[in-house]
Amino acid sequence: MLSFSFSPGVAQALDDLNLMNSELGQLAMFSVLLVEIIQWLISTAQDIATKDNVSHGALTFLSVVIMALVIIFAIRPLMVWIVKSTPEGQEVKEVYVVAILLGALILAFVSDAIGCFFILGPFLLGLVIPDGPPLGAAIIAKTEFLVSECLLPIFFLRIGFFSDILTISNWKSFTTLQAIIGAAYLAKLFTVTVAALCCKISLRNSLLLGVMMNIRGIIEVVIFSRWRHTEVLDDQFYTQLLLSVLIMNMISTSLLHFTYRAHLRLGPSLKGPRIKNIQSVQRNYPFDILCCIHNEQTIRNLTSILEASNPTEESPICAYIIQAVELVGRAIPVLVPYKKKKKGKKCSRLNSLTHQLMQAFKNYSENSRGPVLIESFTMIAPYKLMHETICRLVDDNHVPLVILPFHDNPWICNTVTTAIRQFNKNMLRYSSSTVGILVERGFPGPVTMSHFSYNVAAFFIGGPDDREALALAARMLGNQNVAVTIYRIRIMHQGNYNEDEENEARLDDAMVDEFKLSSIGNDCLKWRDIEVEDTEQLMDAIMDSQGDYDLVMVGRRHADNSLRDEEMSEFVHYAELGMIGDMLASSDFCGGMVNVLVLQESTELSKNYGSTHGRDVSQNLGLN
């Protein structure tokens with residue numbers, strides 16, 4: 001039993017350490033689930049084999065099989081019926097939740113009565129309850145406060161009350177049991193490490209995986225408490241086992257906290273360089289875009305941007321559509337590809353909403369003027385960890401652009417806006433590709449691709465982020481139904497430029513020259529050169545540039561030092577949009593009725609604001 005691992009303890013520890021959604025954390029969770037299934041089979045077989053006679057063992061085995069069949073073929077259909085009978089948008093009736101909780105107690109009694117461990121029945125019941133809303137989420141919402149804030153503290157108080165260090169007096173027995181405990185921990189650490197090394201995981205990560213698998217939780221404490229109650233253990237052994245759990249968890253969690261970072265990958269991407277931006281995509285190569293959605297209102301604006309990005313036979317668009325769902329009513333975060341629902345099949349409200357969202361993107365793909373491939377996924381994870389899953393997907397598929405909806409819009413529930421904002425900030429910090437935050441201010445409505453037209457404006461002040469905005473505008477300019485207006489704003493300073501600023505100026509000029517050269521004779525382009533002397537004139541120039549735009553693009557950061565001055569931070573409401581982006585998204589610009597896309601190049605690629613990267617800009621623009 002000391003070498004067993006149980007998922008509740010490991011899941012709770014990894015969640016507290018913010019490692020649940022990391023690669024190593026997910027590997028640990030799926031491993032411990034597989035191990036736990038094997039453990040229950042072994043434990044049940046042991047309970048049956050250790051009965052007084054063969055007939056008792058046979059009766060226990062038959063009882064376990066009957067209980068499992070009842071749970072799977074009788075209780076599971078009832079759970080599905082509860083989900084189907086709950087109107088969309090409403091909560092599950094409280095009587096159903098109470099019945100399920102009483103059912104867990106009854107199954108615990110039945111498991112104990114037939115001669116098995118009492119946790120077996122509730123464990124099987126938990127497996128057949130549909131996760132997420134409405135049922136799984138309702139159970140969590142109804143019971144979390146009572147269990148976490150009331151019952152658990154009382155339980156741990158009782159555990160501590162019966163633990164007495166002074167009972168440790170027989171040091172020979174103490175040494176023997178300590179050797180057994182140490183052997184169990186070391187055996188698991190060694191075998192997990194060896195297995196991970198065989199899967200070509202580094203030695204450091206293999207050892208950390210073994211440490212994760214050695215984390216103990218409430219299941220072990222319940223088992224030890226039951227052993228003491230049935231006098232399998234005396235007070236000395238009971239206290240020693242509890243101390244071993246406490247000490248091992250202190251060591252394990254401390255090692256994980258100080259030695260492992262969730263954003264680190266177990267291995268490099270197999271498709272080439274990990275970091276990529278829009279400028280690196282050639283015109284005759286596919287253009288991949290990852291779009292994250294939280295609700296159906298975002299679809300119209302995202303499909304408009306995809307269509308405006310000019311999908312062609314030479315450069316088709318592959319759009320990875322990620323439906324972000326907060327983790328409620330399940331233990332493990334997942335990223336699953338969307339599979340079309342079979343006719344007449346109805347499982348949950350989440351599946352129904354997912355089907356509507358993905359069907360809308362499929363309809364767009366079929367009606368687009370150019371080839372657009374839609375790859376749809378559902379991501380179920382805590383908002384604080386969602387960025388890790390998306391960053392891994394970006395790395396694995398070499399995606400140059402990620403588009404995220406801004407948290408402050410009228411179609412996102414107020415209860416999750418703070419979480420979404422932190423998710424966007426995490427993406428800006430850790431993403432290896434360009435991240436665009438889409439501020440939706442225009443009214444959503446149906447998009448008719450047969451009469452598609454789009455009016456885009458881009459402000460180019462200077463810096464790697466503005467160059468990304470210009471690169472995306474260059475791609476859109478290839479679409480004859482898209483009108484593009486570029487505002488090139490120069491801030492004329494008095495005095496000498498430092499080396500970094502000179503490098504930035506050269507990169508900006510090179511890209512502007514390439515852009516103008518590639519768009520000669522294109523009537524869809526309007527170019528405006530504006531010179532200003534200070535930040536105040538810059539703001540006035542932007543306000544004078546208002547027009548009937550469907551989308552306005554700008555970089556988040558700018559090469560000019562005056563736009564990075566800390567004194568300007570007090571005038572910025574949303575730091576993730578930058579100073580210019582924050583102003584464009586305000587009600588002062590176009591009455592607050594224009595969509596704004598704020599782009600930021602990967603922080604790794606644009607260190608020092610691009611002064612050490614991208615010197616050979618002209619050959620990577622994809623504009624020739």
Side-chain angles (χ1 to χ4, degrees), residues 1-13 32 35-36 39-52 56-57 60 64 104-124 126 146-188 213-253:
M1 185 62 72
L2 292 176
S3 64
F4 282 5
S5 294
F6 295 96
S7 57
V10 178
Q12 184 62 53
V32 77
V35 168
E36 190 169 1
Q39 288 170 185
W40 283 114
L41 293 175
I42 294 173
S43 180
T44 304
Q46 181 196 17
D47 289 339
I48 295 173
T50 54
K51 299 304 176 185
D52 296 336
H56 288 173
T60 301
V64 171
L105 296 177
I106 294 172
L107 288 173
F109 172 78
V110 171
S111 300
D112 193 51
I114 64 178
C116 292
F117 193 45
F118 70 93
I119 294 180
L120 179 61
F123 173 77
L124 294 175
L146 176 64
V147 173
S148 301
E149 303 298 332
C150 299
L151 298 182
L152 272 181
I154 295 174
F155 173 74
F156 287 129
L157 178 64
R158 181 177 179 274
I159 293 297
F161 180 78
F162 288 109
S163 304
D164 188 1
I165 299 178
L166 298 179
T167 58
I168 302 177
S169 56
N170 189 336
W171 294 104
K172 182 178 180 180
S173 297
F174 174 86
T175 305
T176 302
L177 181 59
Q178 200 62 42
I180 295 173
I181 295 172
Y185 285 129
L186 291 176
K188 170 155 285 190
M213 298 288 284
N214 269 320
I215 293 176
R216 300 291 181 246
I218 190 173
I219 301 295
E220 288 84 357
V221 176
V222 171
I223 293 173
F224 298 155
S225 179
R226 182 173 176 83
W227 283 351
R228 180 190 174 278
H229 178 72
T230 56
E231 298 183 352
V232 174
L233 300 177
D234 59 20
D235 290 343
Q236 174 180 331
F237 279 15
Y238 172 72
T239 301
Q240 192 174 344
L241 286 172
L242 289 180
L243 289 177
S244 71
V245 170
L246 178 63
I247 294 172
M248 188 61 196
N249 279 2
M250 290 171 60
I251 296 174
S252 300
T253 54

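Quick note: residue numbers are just sequence positions, from 1.
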Using side-chain heavy atoms (C-beta onward) and a distance below 4.5 Å, is Asp235 in contact with Asp164?
no
Under the side chain to side chain donor-acceptor pair (under 3.5 Å) test, which residues partner Gln178, sequence neighbours left out?
Gln240
CG/Leu157 to CG/Leu152 distance, rounded to the nearest 0.5 angstrom?
12.0 Å
Compare every heavy atom of Met213 with every heavy atom of Lys188, then report the nearest pair and how far apart it is.
CD-O, 3.5 Å
dist Asn214:CG -> Ile251:CD1 (nearest 0.5 Å) comes out at 10.5 Å
Are Phe155 and Leu151 close enough that some pair of their side-chain heavy atoms sits under 4.5 Å apart?
no
After noting the C-alpha distance and the side-chain angles of Val64 and Leu120, does the key distance pass the side chain to side chain contact (heavy atoms under 4.5 Å, CB included) rule?
CA-CA 9 Å; Val64 171; Leu120 179 61; 4.3 Å; yes
Sidechain-backbone polar pair: Gln39 side chain, Ser5 backbone, donor-acceptor under 3.5 Å
yes
Please tell me if the side chains of Leu242 and Val221 come closer than 4.5 Å, counting only heavy atoms from C-beta onward.
yes
Please indicate whether Phe109 has more than 12 foreign heavy atoms, meaning atoms of other residues, nucleotides or ligands, lying under 6.0 Å from its CZ.
no
Closest heavy-atom contact between Phe224 and Leu233?
O-CD1, 4.2 Å
Within this structure, what is the CD1-OG distance for the pair Ile218 and Ser225, rounded to the nearest 0.5 Å?
10.5 Å
Within the structure provided, determine whether Arg216 and Ser252 are in side-chain contact (heavy-atom separation under 4.5 Å).
no
Rounded at 0.5 Å granularity, tell me how far CG in Asn170 sits from OG1 in Thr176.
8.5 Å
Go through it in stages, so that I can follow the logic: the residues are Ile159 and Tyr238, the test is side chain to side chain contact (heavy atoms under 4.5 Å, CB included), and I'd like the CA-CA distance, side-chain angles, deciding distance and then a yes or no.
CA-CA 10 Å; Ile159 293 297; Tyr238 172 72; 3.3 Å; yes
Give a yes or no on whether the backbone of Leu146 and the side-chain of Glu149 come within a donor-acceptor separation of less than 3.5 Å.
no
Shortest non-hydrogen separation from Ser148 to Pro153 and the atoms involved
O-CD, 3.4 Å
Does any N or O in the side chain of Asn249 come within less than 3.5 Å of the main-chain N or O of Ile215, such that one atom is a donor and the other an acceptor?
no
I'd like to know if the side chain of Thr167 pairs up with that of Gln236 as donor and acceptor (distance under 3.5 Å, no hydrogens or angles considered).
no
Shortest non-hydrogen separation from Thr239 to Ser163 and the atoms involved:
OG1-CA, 3.9 Å
Using 30° and 60° as the class limits, which term best fits the ring planes of Phe174 and Trp171: parallel, tilted or perpendicular?
perpendicular
Would you say Phe118 and Val222 make side-chain contact, with heavy atoms under 4.5 Å?
yes
Work out which heavy atom in Ser111 is nearest to a heavy atom in Gly121; give both atom names and the distance.
OG-N, 2.9 Å
Non-hydrogen side-chain atoms of Phe6 and Ile223 separated by less than 4.5 Å:
yes
When rounded to the nearest 0.5 angstrom, what is the spacing between CD1 in Ile181 and CG in Leu186?
12.0 Å
Is the CD1 atom of Ile165 crowded by more than 12 outside heavy atoms at less than 6.0 Å?
no
Shortest non-hydrogen contact between Phe237 and Ser173, atoms and distance
CE1-CB, 3.8 Å
To the nearest 0.5 Å, atom CD1 of Ile219 lies from atom CZ of Phe4 at 13.0 Å
